[in-house]
Amino acid sequence: MSETIFGKILSGAIPCHKVYEDERVFAFLDINPLSAGHTLIVPKEPARTLDALSDESAAALGRALPRICRAVIEVTGVKEYNVLENNGAGAHQAVDHVHFHIIPKPSPGEGLGVGWPARALDHKAGAELAAKLRATLG
Ligand code: AMP
């Protein structure tokens, strides 16, 4: 995997506004924030997408994320927020290194705008799909 911009941030080759660091996780402010406090949380492990991440890094991210959310809420004073994680260019991933966005939602016009083209679940197809997923997960 070639080094991404986040790899360069992790190695210190390019600067960032650091927010948090532990053995496996690093967090910094997004350079083009959707709202004040927009923060990125990355594993130090250079996985491209979430499904490629080790259990150890996943656990460390899971532990750090709510803590960083609490800090963002406390510092911005904004209680509502979105957590976003994109996987693949078609799903709006621009940087090929796993990252979670914490995006405060201070007002309807700031923060993340979400398209949600939902349709009612077909329960017969849904039952088959859920069974396949259970079998795959073991
Ligand atoms: P995504 O579309 O989920 O891959 O989001 C990538 C994010 O990385 C965008 O919100 C960018 O603004 C952000 N970004 C890109 N380069 C940098 C950088 N050097 N420092 C901080 N954030 C960055």
Side-chain angles (χ1 to χ4, degrees):
M1 182 172 157
S2 62
E3 196 181 30
T4 66
I5 192 101
F6 294 168
K8 293 189 174 114
I9 287 174
L10 286 167
S11 70
I14 63 167
C16 72
H17 294 286
K18 176 175 153 179
V19 165
Y20 175 83
E21 181 171 16
D22 65 30
E23 195 189 333
R24 294 183 185 275
V25 176
F26 194 86
F28 51 98
L29 295 182
D30 196 294
I31 204 163
N32 291 125
L34 290 175
S35 57
H38 184 165
T39 300
L40 300 175
I41 298 91
V42 305
K44 290 184 177 177
E45 179 185 335
R48 189 185 295 264
T49 53
L50 192 58
D51 50 282
L53 199 61
S54 69
D55 284 355
E56 292 74 22
S57 288
L61 276 173
R63 183 170 174 271
L65 254 173
R67 292 180 169 196
I68 301 168
C69 289
R70 286 191 285 273
V72 170
I73 290 168
E74 187 173 327
V75 170
T76 62
V78 178
K79 289 192 173 63
E80 296 181 309
Y81 60 98
N82 295 94
V83 173
L84 175 70
E85 199 274 322
N86 299 322
N87 297 278
H92 307 288
Q93 183 178 16
V95 180
D96 285 339
H97 183 128
V98 171
H99 52 284
F100 284 79
H101 299 251
I102 298 172
I103 310 168
K105 188 73 180 171
S107 71
E110 297 171 280
L112 184 67
V114 181
W116 199 270
R119 286 173 295 171
L121 180 67
D122 174 332
H123 289 287
K124 185 170 176 296
E128 286 169 16
L129 185 58
K132 280 185 193 165
L133 288 166
R134 285 195 298 276
T136 301
L137 286 162

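All ligand and atom numbering here is 1-based and tracks the order in the structure.
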Among all protein heavy atoms, pick out the one at the shortest distance from atom 22 (N) of ligand 1; state its residue, atom name and that distance to 0.1 Å. Ile31 N, 3.1 Å
Honestly curious: do Ile5 and Phe26 fall in one hydrophobic cluster under the side-chain, below-4.5 Å linking rule? yes
Count I, L, V, M, F, W, Y as connected when their side-chain heavy atoms are under 4.5 Å apart, and connections chain through other members. Are Ile31 and Ile103 then in the same cluster? no
Heavy-atom contacts with His101 under 4.0 Å: which atoms of ligand 1 show up? List them by number with element. 1 (P), 3 (O), 5 (O), 7 (C), 10 (O)
So, His97 versus His99, ring centres under 6.0 angstrom or not? no
Closest non-hydrogen protein atom to atom 4 (O) of ligand 1, residue and atom name please, with distance? Ala94 N, 2.6 Å
Which residue and non-hydrogen atom of the protein lie closest to atom 8 (O) of ligand 1, and at what distance in Å? Phe6 CZ, 3.4 Å
Let me see the working for Glu128 and Lys132 under salt bridge (charged side-chain N to carboxylate O under 4.0 Å, His left out), right down to the final yes or no. CA-CA 6 Å; Glu128 286 169 16; Lys132 280 185 193 165; 5.7 Å; no
Does at least one non-hydrogen atom of Ile9 fall below 4.0 angstrom from an atom of ligand 1? yes
Can Leu112 be reached from Leu65 by stepping across I, L, V, M, F, W or Y side chains whose heavy atoms are under 4.5 Å apart? no
Best match, Asn87, Asp30, Asn32: closest heavy atom to atom 11 (C) of ligand 1: Asp30
Please state which option from Lys8, His38, His97, His99 has its nearest heavy atom closest to atom 1 (P) of ligand 1. His99
Determine, using the 4.5 Å side-chain heavy-atom cutoff (strictly less than), whether Ile14 and Phe6 are members of one ILVMFWY cluster. yes
Per-atom contacts, ligand 1 versus Val95 - under 4.0 Å to a heavy atom: 4 (O), 6 (C)
Got an N/O contact under 3.5 Å between Asn86 and ligand 1? yes
Does ligand 1 have an atom that lies less than 4.0 angstrom from a heavy atom of Glu85? no
Looking at atom 2 (O) of ligand 1, what's its closest protein heavy atom, distance included? His92 O, 2.6 Å
Without hydrogens or angle criteria, can the side chains of Glu45 and Ser54 be said to hold a donor-acceptor pair below 3.5 Å? yes
Here the atoms of ligand 1 under 4.0 Å from any heavy atom belonging to Ile5 are 19 (N)
Which of the numbered atoms in ligand 1 are below 4.0 angstrom from a heavy atom of Leu40? 8 (O), 13 (C), 22 (N)
Looking at ligand 1, does Leu29 have a heavy atom less than 4.0 Å from it? yes
In terms of side-chain geometry, is the basic nitrogen of Lys44 or Glu23 positioned less than 4.0 Å from the acidic oxygen of its partner? no
Name of the residue among Val95, Leu10, Val42 meeting side-chain contact (heavy atoms from CB on, under 4.5 Å) with Thr4: Val95
Passing candidate, side-chain contact (heavy atoms from CB on, under 4.5 Å) with Ile41, options Val19, Val98, Ile102, Val83: Ile102
What I want to know is whether Phe28 and ligand 1 share at least one N or O pair that is separated by under 3.5 angstrom. no
